[in-house]
Protein chains: 2
Amino acid sequence: METAGKLDRAVGARAMKPQQIREAAARLFLAQGYGAVSMDAVAREAGVSKATIYAHFADKAELFADLVKEECARQWPDTAMLESEPGDLREALMAVGMVYAELLVSPKGVQTFRMVVAESPRFPELGRAFYDGGPRLIRDKLAAYLARAEAQGKLALGDPRLAAQQFLAMLRCEHHLRALTGLDPAPAPAEIARVVAGATDMFLRAYGR
Amino acid sequence: METAGKLDRAVGARAMKPQQIREAAARLFLAQGYGAVSMDAVAREAGVSKATIYAHFADKAELFADLVKEECARQWPDTAMLESEPGDLREALMAVGMVYAELLVSPKGVQTFRMVVAESPRFPELGRAFYDGGPRLIRDKLAAYLARAEAQGKLALGDPRLAAQQFLAMLRCEHHLRALTGLDPAPAPAEIARVVAGATDMFLRAYGR
DNA sequence: GACAAACTAAACCGCCTGGTTTAGATCGTC
DNA sequence: GACGATCTAAACCAGGCGGTTTAGTTTGTC
C-alpha cells in the first residue's frame, strides 16, 4: 500500500532503532549470558531509552530468544562445496573441515554455543534452532555428498550418515572443548589445520579405496 | 534402641549440615544454573536456615564453584582397563568407549558440562578443573595405552595422542550434542552402543593391522 | 503550523536478591 | 546443670531487577 510505503520510508531513520537494539543486545547477551545482562544495560549499550526497547520487544525473554535464534541462523557457513559433484575427495573434506572447525572455535561460534547449551533448559526453542540450522544441516549435506562419492566408487562406507557424523565429530575436537571452557580462547589456525588434516587422513584411510 | 537412634540422628544432624547444604545446592545449581538459584532456595531445599549456610560458606560464588569442582572430580569414571597391558584391542576400545559415551549423555554429565561451559567466563577455575580432571585425563591414558599397543605391533599410528583425540571425539557425537541442547535428554543405550561400535570399527580400520 | 508517531530521560513500582543480624532454642560436654 | 557451640526463624538492609508511566521533545507529512 502506498501510504504504508511512504510511512515506512519516512520513519526509515527511526526504524533503525530496533536494529540498534538487536545489535547491542546481541553483543551483551552473547558475551555475558541471559541472567547477567540487565535491560538497563541493553538500553545504555544501544544508546536508546528503555521505553523504546519495550516498544519493540515484548519482554527480556523474547528479545534474548529472538537474538540467539537469529545468530544460529546467520552464522552458518557456506557449504556450497558439498552441493557439486564429488571431485577430489581429500580436497573437499579438507575444505569443509576447515570451515566447520574454524567456526567451532571462533568467538561468535563459541559464544552462541555457550548460550544455547546454557539456556536451552529454559528456552527449548534455542536447542531446536541451533541443531536444525547447524549440525544437522551440515551432517545431512555431508552424508549426501559421501553417498554420491560412494556411488562413484570412491568410498566404501557402511552407513554414509554415520560416516559423516564421525568426520564432523572429529572436528569438534579438544580445541573446541578448550575454547568452550575458556582455556584456550583462540587456538592457532595451524593447530586447527593439523586436526582437520588428521581427520581427513583417518577418514580416507578407513573408508577410501 | 530408641535412645541410640535419637542420639545417632542428633549427632549426625549436626555433623551432616554442611553435607546437606552441599547436596541440596548441587541439586539446584546443576539443574537450574548459577543465576537462577537463590540462596533462600538452597536453604529451603537443604532444610536449613540461611544463616547456617553462611556459617559454612563465604558466599554464593564460593558455594557454587566448590560444588561444580567437586562434581567434576567425582563423576569421572573408572578407566582401569587402560592401565593394564593391551589385550584385545577391540574389546578395550569398546569398553572405554561405552563408559565415556554413556557418561557424556547421562543427566549428571550433561548438567555438569552445561554448568562448566555456561559459567567458565565468570569462573575460569571451573574450566580448568573440568578439562584437567576429565577429557585431558582420559585422553592421556588412552594415548599411552595406544602407544603401548603400537609398540606391540598391534597398531600403526602416526601420533598416538592425535589418534586418542580422534577416537574420543567420535564418542562426543551427535547424541551428546542433542542431550546438551535438550533435544534428546536420554538417548537409548542401544543407540550409544551403535556409535561406540562405529567409532571402534573405524578406528581399527584406519589404524589397525 | 498543526499533528501523529517515535522517541527521550527519569521517576516510579513491587519484588526479589545476596547477605547480616537478631534473639532465642537445642545440643554434647564437662 | 551450666557452658559454648551450633543451630533456628524471622526481621532487616541496601540495591538491582523487569517493567510501566509520565511528561516532554524531535521528526516527517500534510
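Throughout, protein chains are lettered first and strands after them, A, B, ... in sequence-line order, and every chain is numbered starting at 1.
For the segment residues 27-42 of chain B, residues with any heavy atom less than 4.0 angstrom from an atom of DNA chain C are, sorted by number, B:Val37, B:Ser38, B:Met39.
Among pairs with a residue in residues 116-128 of chain A, those fulfilling side-chain hydrogen bond (donor to acceptor under 3.5 Å, both in side chains) read A:Lys69-A:Glu125, A:Ser120-B:Arg114, A:Arg128-A:Asp132, at least two apart in sequence or across chains.
Atom NE2 in B:His56 sits roughly 13 Å away from atom C1' in D:dT8 (whole-Å rounding). The distance from atom CZ of A:Arg44 to atom C1' of D:dC17 is 13 Å, rounded to the nearest whole Å. The nearest whole Å value for the distance from the CD1 atom in A:Ile53 to the C1' atom in D:dT20 is 14 Å. B:Lys60 has its NZ atom 8 Å from the C1' atom of C:dG18, to the nearest Å. The CZ-P distance, from A:Phe57 to C:dC7, rounds to 11 Å in whole Å.
Judged by distance alone, the side chain of B:Gln165 and the main-chain N or O of B:Arg139 form no donor-acceptor pair under 3.5 Å. Judged purely by atom type and a 3.5 angstrom limit, A:Thr200 uses its side chain to pair as donor or acceptor with the backbone of A:Val196. With A:Lys60 contributing its side chain and A:Tyr34 its backbone, the two residues share a donor-acceptor pair below 3.5 Å. Not one N or O on the side chain of B:Thr79 forms a donor-acceptor pair closer than 3.5 Å with the backbone of B:Leu82.
Of the candidate nucleotides D:dG18, C:dG19, D:dA9, D:dA9 has the atom lying nearest to any side-chain atom of B:Ala51. Here the side chain of B:Tyr54 is nearest to one of D:dA9, C:dG18, D:dG19, namely C:dG18.
Side-chain atoms of B:Lys50 and base atoms of C:dG19 include a donor and an acceptor less than 3.5 Å apart.
Remark: of the listed residues B:Phe113, B:Trp76, B:Phe123, B:Phe113 is the sole one forming a ring pair (Phe, Tyr, Trp, His ring centres under 6.0 Å) with B:Phe130.
Neither OP1 nor OP2 of C:dA6 sits under 4.0 Å from any side-chain N or O of A:Thr52. Taking 4.0 angstrom as the limit, A:Ser49 places none of its side-chain polar atoms (N or O) nearer than this to OP1 or OP2 of C:dA10.
Across all strands shown, A:Ala55 has no heavy atoms under 4.0 Å from either base or sugar-phosphate atoms.
In this structure A:Glu85 satisfies the side-chain contact (heavy atoms from CB on, under 4.5 Å) test together with A:Arg148, A:Gln152, sequence neighbours excluded.
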